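Please read the structure below before turning to the comments.
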Amino acid sequence: MIHSLFLVNGAGDIFLEKHWKSVVGRSVCDYFFEAQSKAGEDPENVPPVISTPHHYLINVYRHKIFFLAVIQTEVPPLFVIEFLHRVAETFQDYFGECSEATIKDNVVIVYELLEEMLDNGFPLATESNILKELIKPPTILRSMVNTITGSSNVGDTLPTGQLSTIPWRRAGVKYTNNEAYFDAIEEIDAIIDKSGSTVCAEIQGVIDACVKLTGMPDLTLSFMNPRLLDDVSFHPCVRFKRWESEKVLSFIPPDGNFRLMSYHVSAQNLVAIPIYVKQNISFFESGSSGRLDITLGPKQTMGKQVEGLTVTMNMPRVLLSVNLTATQGTHKFDPVTKILVWDVGKLNPQKLPNLKGSLSVQSGAPKPEENPTLNIQFKIQQLAISGLKVSRLDMYGEKYKPFKGVKYLTKAGRFQVRT
Amino acid sequence: MSNSLSYNDQGGPDTGVEIGLDTQTSPAAGAFGLFSTDFKKNDDLKEMLESNKESVKLDAMKRIVELIAKGKNVPELFPSVVKNVASKNIELKKLVYVYLVRYAEEQQDLALLSISTFQRALKDSNQLIRASALRVLSSIRVPIIVPIMMLAIQEAATDLSPYVRKTAAHAIQKLYSMDPEKKEQLIDVIEKLLKDKSTLVAGSVVMAFEEVCPDRIDLIHKNFRKLCGLLVDVEEWGQVVIMNMLTRYARTQFTSPWKEGALFDGNNAQAFYDSDEERKESAGEAVYIMDPDHRLLLRSTKPLLQSRNTAVVMSVAQLYWHLAPKHEVSLVTKSLVRLLRSHREVQYIVLQNIATMSIQRKGLFEPYMKSFYVRSTDSTHIKTLKLEILTNMANEANISTILREFQTYVKSQDKVFAAATVQAIGRCATNITEVADTCLNGLVLLLSNRDEAVVAESVVVIKKLLQTQPTQHTDIIKHMAKLFDNITVPMARASILWLIGEYCETVPKIAPDVLRKMAKSFTSEEDIVKLQIVNLAAKLYLTNAKQTKLLTQYILNLGKYDQNYDIRDRTRFIRQLIVPNEKSGPLAKYARRILLAPKPAPVLESAFKDRDRFQLGTLSHTLNSKATGYLELSDWPEVAPDQSVRNVEVIEQITESMMPSVEKGRAAKADKFYSDSEEEEEDGGSKDSGSDDSKSSGSSEASSSESESEEEESSSSQSGSGSASSEEESEQSSDSDSRKKKKKTLERKKKPKKESSGSDSDEEKDHGKGDASSEDSSSSSSEEYSSDSESDSGVAPEKPSKPKPKPKAKSKAKVVQETKKEITLLDLDIFAPTPTMPTSNSSIISPSLLSDLDGLSLSSTPSAIQICPVDFIPVSHELLHRMSGKGLGAKYHYPRQPCIHGDGMVAVELSITNSSERTLEDVHFGEKSGQNIHGFDSIESLEVGASVTASMGIDFKDSTQAASFQLCTKDDQFSVSITPAVGELLLPVTMTEQDFVKEQGKLLGMNESSATINTTPESTSTDSIVRKVVTVANLGMVPSDKDTLLRFAAKLVSSGVLVLVSVELKEETAQLRINTEKTVIGSMLLRELKAALA
């Protein structure tokens, strides 16, 4: 299946290669570079699957690194893509961040990890809990201990999870403080049209968990209103039958951080849009200039504070400079990328933030065809916009009483206002 | 720096200690100096590897690995590295492995030095070491060691550790790629591993299968049901591979569900209980009935739609797309749309697949139309794909919405995308005639767009549109001619010229003028435009020779000397064709017809049109060309191949549908022999396959032989060999097997029944058969205890006369089955609740045996507590009387087996009878209140007098509160409720006596309830007490060394809390003790037991 893996940085240097079968020469990456240059500046435009005379290249772009897999025979492309993302996530899990620098610093561990994750190109162990038993993540303390005692980072017994039916949990977990925290994070994806009406809006949510519990706890999480959830996907630990019949999440959790479920709230339900935008962007036909006037205001915030409000605009190529004043927050225009960012901060319902001023356009250039789209980011703490509520969390199988907590957060996902 | 190194070398052994210290500190520093200059080619590393300090070696290896990772070539270190292959330090060893795998191919001779180390490691007691040795051994790609690899693989394939077996499956592919000649031998190993019941192995071995022998579909037959059953628990990567393989498999084995008038039995119980003959008949008819295995596949893949792994979801989607009846495909759409939230690359692939799907099934994704709206932040190829999908799903109803969306896109800053939108509009216009005019007008407006690419695209699209329309659009052509001067994109200019030429007769005034202009600029035009100018000239010459003769000649002259040979060729051709001269051949006469022939309108098609020839989700589909190793999906067979090939021989199938609990119980037990701590789901798997089996008598023969081998296995494991592969052994030694059995049965006869001897399922089965025969004659549920002796006497005397007692018993059973079937048709509910069960006697013995075996099982977590079904005759209770149910009658009983619908549920079997005068339609399970109930699948129709059994699961939450629900027919609804007896809330568990005592010790005080019962002498026989206890509650017998102390264990179905019961017999009294955390249950149980025993 997966023959080789190359890691390529933004500058087009191959800084790591790993082969699971015979060595494939680096020259195969030339096809990729060709496709990359064809795609232009935006790395997102590089096609994920590239066909070359003898190989197929499948790449994913994460953390400014291209993970480039070389394959030779038919394989579901999603299989490879999903795996490459899993590799990136594992690196992030191990080193705190997944960047060129950290990978270079930990080449040996990276290599050991890749060796364990694939055998002959077929995934062998991708559960982080199993990998961590095989290869311990680097910490300063551990590396010091290792230099002194000469012990190694590599486990010498087969992780128990590998054989059990719950491979995600390792055996013999012990904590002095037993705690289980759940974050329900919802993102609003919306497109708002020029007149302020909603073209489409939906809510995507995830429940991320941080579970640090001793032993083999069996948890049950139930919701006040599970019917809201339209389409769900689960961590493998969730018992699907229980969900189907009772709409409760019953699971033996992995140890540590993990994504318990992600869900989708159906588009049929009306989605509350927490803010509104009044905008007026115009370019004058004559005289190379234009005007911009944006006002933000709260709409359906359920009485909560809207924070971290940011407006990002991809301005037309012909725009030279801006002369704007904001009543609140700061704004910045990058003349090279033509991106205008207005960092508003908290939304104050009494005094609505406003950005106003003039735009100057390259002289002689025609008036831009389309006004820039507004991409809006915001956060609302302690609110799940769909109205989802966790009703209770029960633990079976262990005797102690854990600390439990649920946090809600609503964010803007892909929230766009067309102008 | 390098001094210190050389100093060390000279130092020799005298200065041992100091050197040791030196080498430890210096190399790191020294290395860099040497290394950066690359002076002596890693000599320092060589030296470090030669050091006697582990940490130094490790340092060196780490740096070597870093070099390899950077793509630097370090083969010269091979000799030094290979020496460390036997190192004790596991990290060092692993790094050496990394190096070996990378370079062994280049340095084959040296690599051979390491082989013996691996061979030794293959025998290591640590499974991780065995596995990694096999991994490296099979990865080093040295052809000489192929025989060694072969042996290692064969050995590892029978290893006790599933992890090692998994590694063996991977090694198969490696060996195959190195030496394809070994294929036959490897197929044998694959065949063996396919039988493996471990979820860990399943994915890898199917992968090996796909790589080595994808055409050997016959290997899958026997494993099909097992794979379906295991699928949910296989690791996610394996799931993808298995599903892709099963898709291919199913296309060769089942008939198409897409035929007209197909009847979808769905979950109709009828299909399961259909006899073979009946099914064959129906296959001959036009009515389509889905093969139960086909249904099983669909059903067992469906939960995987909820997987977090996008590849798995895609696999399910393609499986449904290629296998499911048309109306069921929509199940997958929601999940596919969900994937669109994932990473860009995932979106790309998913959108591609959706595009292909949406061409064939317009409406499929319509409910999710808004999910395909383009955002300005999407990357270009994502945008284009979304556009494609929106265009595909356009229809009369939604076209206005879509066009409104398109209007926004046309203005996009991304010009490639804007141009693609124009094309999309064109396609909508051709597909939906109602909006053709609107689209055309819109496109004409776009002609004044400032962006060239958009204008060009519009012209091209308009050209195509006009062609599909009759020539009434002179205005548009005129408008385009006007714009002509401003358009610079060659393709657009060429298109306009072509249009004017084509419709020159409708615009007689403009056309010559355009030609005049073009004549002026001919030399500066692009080739494609020049060709069209020549074209236009020729057409005009034919229609309007008076005005354009000179112009045409001028242009033809220009073309004659053009640099491009295509244009010269064309010019020459046109000249010969249209200009009359002496040489002009017969073609000239037809010039008009050739040039001005009415042209068929182009069809605006999707780029995804022909992708459906590839299996969805494959690389070939993404690339739209056949990738290496792509396996074609075959067409559905006209007639389904024999479906009995999939029958598995584990379960005795004769009695399957009528008497599930024995069979399932045994299946569960059988599984425990192989237990890889996956008993539970394997249970599920075999149960699934069991219930879907048709009860062909042929397989019953096989199944009995299988149970023999089971027995053999158990006896061999008892003797301590503990070999997991004794299955084959027993096959070979079936002779000795039967002899042994005979001996055993003789022994058994001598022994008293309750003794916990080793006679096992064999005996149980004999009883089962005996019961069957007894029931045949008496058919009463209360008589089975007396039948015990009857069966013994019935079977035993035969034994001396026949070397094998089985065939006789079997034939008997067959008779039973047949007679039963007849009866079933008449009136089921007399018989249904009285399945033939082994007597309670055997249940005394079997748990002890099981617990013995448990100790020997391979289970990694030696669990003392396992569920063990105890046999008992369920009593059926009235659920709905036929009078109050308007002819619909229902009874229920507890089959006393783990519920297949979910943990924590109590299995309940309903037998529903139609005693009315008419056929009842659509009998289904209705609204439940409070409790969690897993209803039965609805029954489409119930003939007059017919009855069906349906199984459901109820979670009583360990209380005796009644579960109420509704039984619905098409017209009526009947509220019914089931009040469980406390004894039915239990599932028996097996445990050893020690465990029992230990657990009991934990549950004293509050958790204990006890009572003393006065007994009469005749009722104190252990047999009768056991029988009474087991009748009241679903308890498992715990072996006991004392005759007077009987122990039973069970757990609560829902909470899993243990319930321990012990009865101590004294003279005239019996002491009854119940220990459980749930005191309420305990006291209720005590009350019932007391009543039963008194």
Side-chain angles (χ1 to χ4, degrees), chain A residues 14 16-17 22 26 42 44-45 47-49 51 56 60 72-79 81-82 85 107-108 111-112 115 119-120 122-123 150 152-154 156-158 162-165 191 199-200 204 231-235 240-242 245-246 264 267 316 366 369-370 373 375 414 416 418, chain B residues 54-55 62 65-66 69 71 89-91 94 98 127-128 135 162-163 170 173-174 207 233 237 240 303 306-311 314 334 338 341 343-346 348-349 370 373 375-377 379-381 408 411-413 450 617-620 622-623 627-630 677-678 860 902 932 934:
Chain A
I14 304 168
L16 187 120
E17 61 179 74
S22 308
R26 284 182 168 214
D42 191 358
E44 300 261 300
N45 277 341
V49 184
S51 172
Y56 306 100
V60 305
Q72 252 178 340
T73 52
E74 171 66 52
V75 58
L78 270 185
F79 186 96
I81 288 170
E82 180 79 22
H85 281 297
V107 170
V108 177
Y111 234 68
E112 285 169 344
E115 187 72 29
D119 179 18
N120 195 35
F122 190 78
S152 70
N153 274 333
V154 179
D156 59 354
T157 50
L158 188 70
Q162 188 66 275
L163 289 179
S164 79
T165 40
I191 300 178
V199 177
C200 72
Q204 309 281 350
D231 185 36
V232 284
S233 77
F234 297 120
H235 189 275
F240 185 64
K241 287 251 167 67
R242 283 288 296 277
S245 53
E246 295 167 63
H264 177 258
E369 197 72 31
E370 188 197 33
T373 320
N375 292 304
R414 291 179 284 189
Q416 298 199 332
R418 289 176 179 167
Chain B
E54 290 273 292
S55 57
K62 281 187 175 169
V65 167
E66 274 176 43
N89 183 323
I90 199 130
E91 185 168 20
K94 280 208 168 161
V98 169
Q127 49 184 342
L128 184 63
R135 267 178 74 185
Y163 185 70
H170 289 173
Q173 304 165 50
K174 300 182 209 167
M207 190 63 224
D233 297 289
W237 311 107
V240 176
Q306 257 60 46
S307 172
R308 64 170 171 172
N309 187 319
T310 56
M314 190 66 232
K334 199 192 270 180
R338 185 187 71 228
R341 274 286 293 182
H343 303 282
R344 166 188 73 102
E345 298 85 5
V346 176
Y348 175 71
I349 305 289
K370 286 186 173 171
Y373 281 3
R375 288 157 202 280
S376 60
T377 40
S379 68
T380 308
H381 46 250
T408 332
K411 285 189 256 160
S412 164
Q413 291 180 32
R450 226 169 283 130
T618 59
L619 184 62
S620 306
T622 299
L623 298 170
T628 343
Y630 173 72
S677 74
E678 276 145 351
S860 56
N932 168 24
H934 189 287

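Proteins come first, then strands; the chains are lettered A, B, ... in the order of their sequence lines, and each starts at number 1. Model, not experiment: these values are computed from the prediction.
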Against chain B, label [X] side chain, backbone, both or neither, depending on which of its atoms sit under 4.5 Å from a heavy atom there.
| X | value |
| --- | --- |
| Leu16(A) | both |
| Phe240(A) | side chain |
| Arg414(A) | both |

Centroid-centroid under 6.0 Å between Trp237(B) and Phe122(A) rings: no
Partner residues of Glu246(A) under the side chain to side chain donor-acceptor pair (under 3.5 Å) criterion, sequence neighbours left out: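 Glu246(A): side chain to side chain donor-acceptor pair (under 3.5 Å) contacts with Arg242(A), Asn932(B).
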Tell me, side chain or backbone of [X] under 4.5 Å from chain A's heavy atoms, or both, or neither?
| X | answer |
| --- | --- |
| Val346(B) | both |
| Ser307(B) | backbone |
| Arg375(B) | both |
| Tyr348(B) | side chain |

Options Gln72(A), Arg26(A), Arg418(A), ranked by heavy-atom pairs under 4.5 Å with chain B, top entry: Arg418(A)
When Asn375(A), Val49(A), Asn45(A) are compared by non-hydrogen pairs under 4.5 Å with chain B, the top option: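 Answer, by heavy-atom pair count under 4.5 Å with chain B: Asn45(A).
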Heavy-atom pairs under 4.5 Å with chain A, option from Arg341(B), Gln173(B), Lys174(B) with the top count: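 When all of Arg341(B), Gln173(B), Lys174(B) are compared, Arg341(B) has the most.
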Closest-packed option against chain A by number of heavy-atom pairs under 4.5 Å, given Arg344(B), Glu66(B), Met207(B):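 With the most close heavy-atom pairs to chain A, the winner is Arg344(B).
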Side chain Gln416(A), main chain Ser376(B), donor-acceptor under 3.5 Å: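 Checking the backbone N and O of Ser376(B) against the side chain of Gln416(A), a donor-acceptor pair under 3.5 Å is found.
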Which residues share a side-chain contact (heavy atoms from CB on, under 4.5 Å) with Ser233(A), sequence neighbours left out: Ser262(A), Arg338(B)
